[in-house]
2 protein chains.
Amino acid sequence: MAKETKNTLRDSVYSALKAMIVTGQIPPGSRVTENDIAVRLNVSRTPVREAFNRLERDGLVTGRPRQGYVVTEFDINMFREAFEIRELLDGHATELAAAAATEKDKARLRAMLAECERLATIPDRTTREKFQELEVGIDLHRVIAQISGNAMLHGMLCGILDKCQHYVWTELLWLDEWKIARDEHAEIVDAICAGDASRAGTLARAHVRGSRDNVLRLLQAKSDYQNFLARAS
Amino acid sequence: MAKETKNTLRDSVYSALKAMIVTGQIPPGSRVTENDIAVRLNVSRTPVREAFNRLERDGLVTGRPRQGYVVTEFDINMFREAFEIRELLDGHATELAAAAATEKDKARLRAMLAECERLATIPDRTTREKFQELEVGIDLHRVIAQISGNAMLHGMLCGILDKCQHYVWTELLWLDEWKIARDEHAEIVDAICAGDASRAGTLARAHVRGSRDNVLRLLQAKSDYQNFLARAS
DNA sequence: ACACTCAAAATTGTATACAAAATAGCATGC
DNA sequence: GCATGCTATTTTGTATACAATTTTGAGTGT
């Protein structure tokens, strides 16, 4: 994941807070106060405030005047919305990337695929390694968007991926294998390397829909389970 | 334009600053200091800082540590990028809206069309009235995105529209008539009212491309003219 | 036991003071 | 005359003090 911490405290706090939220250390729905974070990171409230402001703009927290901040809870509906947009953006970015990719870009994409494959085939791998595989898999999409050459598209796609990242992670880590996703990634990269924009775009859109369905199925199962528990009590 | 000023100073400052930038009162490329704005709006630097932070996140200003803020200059390339994304989002939003619009929504869209028509046919109208026509025309797209039911899509589209608004305005205000845009808007609304999602989407995408070409032509002409001046001197 | 009031605690909103860094302008040396 | 280095100014970065508001909880009256 691209660490872009400038030298200012505000940016450090922003990165730190974002990481805590995205990785679920601060769970969705929990209330966070400026003071908590300020004390925890040993800085004053000012940089924390600014970090919160930016996170609110990112949609990762929501804050109401004089009532503090709450880590945004992502319900199934928001997830659907996000992936609907992601299908559009990712599909288009992949089309553009297929037309724009240089040899260096293609090598980079292939290297990421190889890294995924390596991480996937480690015997008795740890959670950390599964986590890394997911991370590289998501990063692949970021890099494709970057290759597309449309900086604004890249920025917006990164924003959406950040928002969904925690959910994708917490849900998908339950599975042991993502062979389908790996194969799909490989196909997309192939199409990009072949310069087949139309095919790359189609594959990318299908891939996003597939990921969405995967996570939705798990979210639904969890929801059903909780309903079952509630009814049983 | 939707005024969403909460009761906090920060939000007022944000709205005020955004309005000043979007309308070009603070021209692109100009440097703005926190103190200027603080004095101008008679508040302390704190809320101004936070407003700047949010504007930076919106992409309306760019700030580098200890060097202040600069109103983002939108070059032709960024404009192309923005409209490329807008075509995707607006097209999709319009498709969704055609499927989701209630009778009340349809009435609202038709009322906006009528308002455009009224403003366009005022004899000897002032710049203010031309300005209003453009504003309602852009708002139409915001409302369509809202009707789509995808809140995230709506938010992202509004962000892009804000970023482009100043450029669209300053360029298009040179023209006296936008009959083509008005006709296209009417067709789109018709398709939405008829529930024809596919046609509505296609029309919307074509409309965005048309608007883009209009503005690009003017931007290009201006650029050519400045090159001509530079070479003549 | 329940509801209502009021006060205290917690928390953000705003202002301001001070520190750190960058820029600009001036003076000095070559 | 030009470059270089230093200082003075400007401007943001951070901390902190205080104000405003919301929440919480205890205490009292019915």
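Residue numbers begin at 1 in each chain, while the letters A, B, ... track the order of the sequences.
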Strand-adjacent residues in residues 41-49 of chain B, judged by heavy atoms under 4.0 Å from DNA chain C:
B/Val43, B/Ser44, B/Arg45, B/Thr46, B/Pro47
Donor-acceptor pairs are to be reported for all side-chain atoms of residues 68-78 of chain A against protein atoms at under 3.5 Å, with residues two or more places apart or in another chain.
residue, atom, partner, partner atom, Å
A/Thr72, OG1, A/Gly59, O, 3.0
A/Thr72, OG1, A/Leu60, O, 3.0
A/Thr72, OG1, A/Val61, N, 3.3
A/Asp75, OD1, A/Asn77, N, 3.1
A/Asp75, OD1, A/Met78, N, 2.7

Mind jotting down which residue pairs meet the salt bridge (Lys or Arg N to Asp or Glu O under 4.0 Å) criterion with at least one end in residues 220-230 of chain A? Sequence neighbours excluded, please.
A/Glu171-A/Lys222
Flag if over 12 foreign heavy atoms under 6.0 Å of CZ, B/Arg108
no
Run the salt bridge (Lys or Arg N to Asp or Glu O under 4.0 Å) test against [X] and tell me which residues pass, sequence neighbours left out.
X: A/Glu84; value: none
X: B/Arg118; value: B/Glu115
X: B/Arg110; value: none
X: A/Arg49; value: A/Glu34, B/Glu50

Chain B vs DNA chain C, heavy-atom contacts under 4.0 Å, first-to-last nucleotide span, 5' to 3', is C/dG13 to C/dT23
Could I get the full list of side chain to side chain donor-acceptor pair (under 3.5 Å) partners for A/Glu87, not counting sequence neighbours?
A/Arg209
Tell me yes or no: between the side chains of B/Asn53 and A/Tyr14, is some donor less than 3.5 Å from an acceptor?
no
Using a distance-only test with no angle check, is there a side-chain donor-acceptor pair under 3.5 angstrom linking A/Asn214 and A/Ser211?
no
A/His207: which residues meet the ring-ring contact (aromatic ring centres under 6.0 Å, His included) condition with it, sequence neighbours left out?
A/His141, A/His185
Expected output is a numbered-order residue list: members of residues 27-38 of chain A with a heavy atom under 4.0 Å from any atom of DNA chain D. What is it?
none
Any side-chain to backbone donor/acceptor pair from A/Arg31 onto A/Gln67? Under 3.5 Å, distance only.
yes
Collect all protein-nucleotide pairs involving nucleotides 20-22 of chain D in which both atoms are nitrogen or oxygen and the distance is under 3.5 Å.
residue, atom, partner, partner atom, Å
D/dT21, O4', A/Arg66, NE, 3.2

